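Notes follow the structure.
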Amino acid sequence: MEDPIVPFDLMRMFFGTDPALFYLEIVFRTFVIYAYALLLIRWVGGRGIAQMSVVEFLLVIALGSAVGDAMFYPEVPILHAMLVITIVVLINKFLDVLIFHYKPIEKIIDGVTSEVVSDGVINMETLRKSKLGKSELFEGLREQGIANLGAVRKAYLESSGRLSTFRARPPRPGLPIEPAWGVCPPEKFGPGTVVTGTGAACCKCGTVIQDSGRTLTACPRCGNKTWTHAVLAEQNGS
């Protein structure tokens, strides 16, 4: 019967129960596994974290587990860990070959690029399919210096999850997204309001009604009944 664990035993918590010489073995294991993993990753060809594909991200997770266990678990032989690392890398290479030669497999594994904003209007279907929240979309646009949807000609949600935007020139009135709605919500109004100034923008999809004197009803594109004032981006910020 194993001895019961003594809570808050500082010697056990910090030094464990292994022989002192095992620390030297950990150093040796770490150097061997790290060097071997580094060689294989260099062979695979890695990119920055923000540029990693789904396959590369999975590779990092799998390697992290295989590499870490072999570095300090005495019951994990180094050759076992090296075999696992090699197999993981070979699978990654095999998937790269499939992705390069077969377009359908590329779409399944890496995903596809989809249009999320077109001429200042949000594609709600893309948001639904990609499970992208409107607040996340607005955050991505603000990071690129965009203050309202009217400044966006096209925005694409790339397969990597990044947002690519192309600005409208000249910009047009659109749904304001700066300041962030959580900081300063835009003034909202409903059906029955008369359109004035630069127009009214649907708070859901960004559709703009510019017919001065028109009485608002539901949004003709998405059916939403909440509107706000459309804002025109500054020319020097486009």
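What you see is a predicted model; the values in this text were computed from it and never measured. Basis for what follows: all heavy atoms, side chains included, without hydrogens, waters or symmetry-related copies.
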Tell me, with the steps shown, if Ser164 and Glu158 meet side chain to side chain donor-acceptor pair (under 3.5 Å).
CA-CA 7 Å; Ser164 300; Glu158 304 291 354; 2.7 Å; yes
Take Lys129 and Ser114 through the test side-chain contact (heavy atoms from CB on, under 4.5 Å) and record every step on the way to the result.
CA-CA 10 Å; Lys129 289 182 177 178; Ser114 53; over 6 Å; no
Please lay out, stage by stage, how Val32 and Phe28 fare under the test side-chain contact (heavy atoms from CB on, under 4.5 Å).
CA-CA 6 Å; Val32 172; Phe28 176 75; 3.7 Å; yes
Quick one, Arg167 with Val152, criterion side-chain contact (heavy atoms from CB on, under 4.5 Å). Give me CA distance, side-chain angles, the key distance, then yes/no.
CA-CA 5 Å; Arg167 295 173 183 261; Val152 181; over 6 Å; no
Mind running side-chain contact (heavy atoms from CB on, under 4.5 Å) on Ile122 and Leu137 for me, showing each step along the way?
CA-CA 9 Å; Ile122 301 171; Leu137 171 63; 4.1 Å; yes
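Taking 4.5 Å as the limit, some side-chain heavy atom of Phe138 sits within range of a side-chain heavy atom of Leu175. Between Met71 and Val67 there is a side-chain heavy-atom pair separated by less than 4.5 Å. Residues Ile33 and Met82 are in side-chain contact: their nearest non-hydrogen atoms beyond the backbone lie under 4.5 Å apart. A 4.5 Å side-chain heavy-atom check between Ile105 and Leu98 finds at least one atom pair inside the cut-off. In this structure the side chain of Trp227 reaches within 4.5 angstrom of the side chain of Cys219, judged on heavy atoms. The shortest side-chain heavy-atom distance between Leu24 and Leu21 falls under the 4.5 Å cut-off. At least one side-chain heavy atom of Thr215 sits less than 4.5 Å from a side-chain heavy atom of Val194. Side-chain atoms of Phe189 and Leu216, non-hydrogen and from C-beta on, do get closer than 4.5 Å to each other.
In this structure, CG on Asn92 lies 13.5 Å from CD1 on Ile87, to the nearest 0.5 angstrom. Taking CG from Asn148 and CZ from Arg142, the interatomic distance works out to 12.0 Å, rounded to the nearest 0.5 Å. Rounded to the nearest 0.5 Å, atoms CD1 (Ile177) and CD (Glu139) are 10.5 Å apart. Residue Phe166 holds its CZ atom at 11.0 Å from NZ of Lys154, rounded to the nearest 0.5 Å. Distance check: Asp69 CG to His80 NE2 gives 13.5 Å after rounding to the nearest 0.5 Å. Ile146 contributes atom CD1, which lies 12.0 Å from atom CD of Glu178 (distance to the nearest 0.5 angstrom).
If you chain together hydrophobic residues whose side chains sit under 4.5 Å apart, Phe31 and Ile85 never meet in one group. Note on Val89 and Tyr34: same hydrophobic cluster, where clusters join Ile, Leu, Val, Met, Phe, Trp and Tyr whose side-chain heavy atoms are under 4.5 Å apart, directly or indirectly. Cluster membership for Leu90 and Leu79, using ILVMFWY side-chain heavy atoms within less than 4.5 angstrom, is shared. When the side chains of ILVMFWY residues are joined at heavy-atom separations under 4.5 Å, either directly or via intervening members, Val121 and Val117 end up in two distinct hydrophobic clusters. The hydrophobic cluster containing Phe94 also contains Ile99, counting ILVMFWY residues as joined when their side-chain heavy atoms lie under 4.5 angstrom apart, directly or transitively.
Thr165 and Gln144 share a side-chain donor-acceptor pair at under 3.5 Å. Checking Thr86 against Tyr36 by side-chain atom types alone, a donor-acceptor pair falls below 3.5 Å.
Shown here for Thr228 and Pro186, the closest heavy-atom pair between the two residues is OG1-CB, 3.5 Å. Nearest heavy-atom pair across Leu132 and Glu136 is CD1-CB, 3.6 Å. Scanning all heavy atoms of the two residues, the minimum distance from Arg172 to Arg153 falls at NH2-CA, 4.5 Å. Between Ala81 and Ala66 the shortest heavy-atom distance is CB-O, 4.0 Å. Minimum interatomic distance between Pro171 and Leu232 (heavy atoms only, all atoms of both residues): O-CD1, 3.6 Å. The two atoms that bring Val88 and Ala62 nearest to each other are CG1-CB, 3.8 Å, heavy atoms only.
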Give every donor-acceptor pair under 3.5 Å between a side-chain atom in residues 200-210 and any protein atom, sequence neighbours left out.
residue : atom : partner : partner atom : Å
Thr207  : OG1  : Arg221  : NE           : 3.1

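Scanning for ring-ring contact (aromatic ring centres under 6.0 Å, His included) contacts around Tyr23 gives an empty result, with sequence neighbours left out.
With hydrogens and angles disregarded, a donor-acceptor distance shorter than 3.5 Å links the side chain of Asn123 to the backbone of Thr126.
The existence of a salt bridge linking Arg128 and Glu125 is confirmed by a sub-4.0 Å separation between a basic side-chain nitrogen and an acidic carboxylate oxygen.
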